[in-house]
2 protein chains.
Amino acid sequence: MPRAGLDAGSVTAAGAALADEIGFDRLSMGLLAERLGVKAPSLYKHVAGQADLSHRIGILAMTEIADAIGEATRGRAGRDALVAGADAMRTYALEHPGRYTAGNAARPGGPDDPLRAAVDRLFASWSAMLRGYRLDPDQEIHVLRLLRSTLHGFASLEATGGFRIGIDVDDSFTWVVRFIDQGLRTTRQ
Amino acid sequence: MPRAGLDAGSVTAAGAALADEIGFDRLSMGLLAERLGVKAPSLYKHVAGQADLSHRIGILAMTEIADAIGEATRGRAGRDALVAGADAMRTYALEHPGRYTAGNAARPGGPDDPLRAAVDRLFASWSAMLRGYRLDPDQEIHVLRLLRSTLHGFASLEATGGFRIGIDVDDSFTWVVRFIDQGLRTTRQ
DNA sequence: TGGCTTTGGCTAATTCCGTTAGCTAAAAGC
DNA sequence: GCTTTTAGCTAACGGAATTAGCCAAAGCCA
């Protein structure tokens, strides 16, 4: 019985990949173990259980999304940053539906839960998307919530098949992002 | 052993209520049976299983949301309809988080799945919210998707605690709805 | 009223999944 | 090379969904 060379990171990564393939809700310890060529109880040497695994996948997702948006908006501002960041976010959710779901389901446990750091980074990425718009500081929180709501709602509806069979979904997304851009440009009050 | 007087409708309603209380993901046949003063296998005389139960709760939710929005927008148009419908939707999601989750998770089974009718009614309610805005017919689908995305995203983030401890969430929601209203008013192209 | 049929409960048993306990061999350290 | 730690494994438990099969309550009809 040679060892499989697993650790928390590789188990999490494999779990994330499997969740993307079969759906986060269908992810099970048994399936993941089989995928890794190992028996289910062995996974408990690396993660504390299914809840811990889901949490870790969620942290991975948050981190990856923050990175994707951050990279997309690097060196851009205004509409360019908004469009690039929005596209990065949507693409991530479409390409990694399982992780995306895990990321949204994850709730920070303690005060030093690494999830908090990941969420903070993601927030920084969201803010970066708004660089270049002259926003009234009092309104910034509302704008941020608008952005998150709209992009998360769109990605979530699209990923779960909420839009009638994909007619013009790309067009809709472009339209939506432009709508927000124009609104932000003309927002006074 | 007197009978409990259950049927598919009452089981579904009780399941929906329980899901709202403890969360849709924690809903189980055993808990629901206990709540109804019955043993778990007895539920199978009324619903085909947990998947069927979830599906029925989803249909119930879609129908109730359509009704709530429809009633809120009755006799209104333009911004009044938008604000009233958006409030109705948000309120529903907050007061019935379990059902709301079930409604979003439900996928139509066959061509004559009653879920389809419920979804159609909900779409009609969405459209009613836009009555009074002179929308380019080519853009209407995009506007609808913007509305759904934003409201669903907001409701979903708020219901799952996605917004940092409820500071100004009401204000944000009002701001977001106004943002959309103003955008729709000035949309040309 | 009385008997027949249908229906909606029940218990018992199966299966599947997550999880824990305890064993053992592989790796790592001295 | 010997000891210690670690990462697999098998066996077993508990909980949840589900199915089979039994039986009494309700409904129906002469």
Side-chain angles (χ1 to χ4, degrees), chain A residues 1-60 98-99 101-102 105-107 109-110 115, chain B residues 1-60 98-99 101-102 105-107 109-110 115:
Chain A
M1 319 103 186
R3 298 204 173 176
L6 302 177
D7 60 13
S10 56
V11 169
T12 302
L18 184 54
D20 286 339
E21 288 174 35
I22 66 175
F24 179 66
D25 44 324
R26 285 203 250 279
L27 180 63
S28 76
M29 299 298 276
L31 279 176
L32 178 54
E34 187 179 1
R35 166 71 59 106
L36 289 168
V38 139
K39 302 293 178 180
S42 306
L43 298 180
Y44 290 76
K45 296 290 181 176
H46 307 292
V47 296
Q50 198 173 37
D52 180 44
L53 172 67
S54 300
H55 192 76
R56 287 168 187 268
I57 295 175
I59 294 170
L60 177 66
R99 296 151 137 90
T101 302
R107 295 284 157 258
L115 176 60
Chain B
M1 321 102 187
R3 297 204 175 176
L6 302 177
D7 60 13
S10 58
V11 169
T12 303
L18 184 54
D20 286 339
E21 289 174 36
I22 65 175
F24 180 66
D25 45 322
R26 284 202 251 277
L27 180 62
S28 76
M29 298 299 275
L31 279 175
L32 178 55
E34 187 180 1
R35 165 71 58 104
L36 289 168
V38 137
K39 303 293 179 179
S42 305
L43 297 180
Y44 289 76
K45 298 288 182 175
H46 307 293
V47 296
Q50 198 173 35
D52 180 44
L53 173 66
S54 301
H55 193 75
R56 286 168 187 268
I57 296 175
I59 293 171
L60 177 65
R99 295 152 138 90
T101 302
R107 294 287 156 253
L115 176 61

Residues touching DNA chain C, which here means a heavy atom under 4.0 Å, drawn from residues 22-31 of chain B =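 Result for residues 22-31 of chain B: none.
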So, for [X] and [Y], which heavy atoms are closest and what is the spacing to 0.1 Å?
| X | Y | result |
| --- | --- | --- |
| A:Arg56 | A:Ala8 | NH1-CB, 3.5 Å |
| A:Leu31 | A:Arg26 | CD1-O, 3.8 Å |
| A:Gly98 | A:Asp20 | N-OD1, 2.9 Å |
| A:Ile57 | A:Ala16 | CD1-N, 3.7 Å |

Give a yes or no on whether the backbone of B:Leu6 and the side-chain of B:Ser10 come within a donor-acceptor separation of less than 3.5 Å.
->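 Side chain of B:Ser10 to backbone of B:Leu6: no pair is present.
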Any side-chain heavy-atom pair from [X] and [Y] closer than 4.5 angstrom?
| X | Y | answer |
| --- | --- | --- |
| A:Ile59 | A:Thr12 | no |
| A:Leu43 | A:Leu53 | no |
| B:Leu18 | B:Glu34 | no |

Quick one: do A:Glu21 and A:Arg35 satisfy side chain to side chain contact (heavy atoms under 4.5 Å, CB included)? Show the steps, please.
-> CA-CA 12 Å; A:Glu21 288 174 35; A:Arg35 166 71 59 106; 2.9 Å; yes
Output the residues of residues 39-57 of chain A in contact with DNA chain D, where contact means a heavy atom of the residue under 4.0 Å from an atom of the strand; sort by number or write none.
->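 Those residues are A:Lys39, A:Pro41, A:Ser42, A:Lys45, A:His46.
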Would A:Met29 and A:Val47 satisfy side chain to side chain contact (heavy atoms under 4.5 Å, CB included), going step by step from the backbone distance to the final call?
-> CA-CA 10 Å; A:Met29 299 298 276; A:Val47 296; 4.3 Å; yes
Whole Å only: how far is the CG atom of A:Leu32 from the C1' atom of D:dG8?
->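 Roughly 15 Å, once rounded to whole Å.
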Distances under 3.5 Å only, N/O to N/O: pair up the protein atoms with those of nucleotides 26-29 of chain D.
none

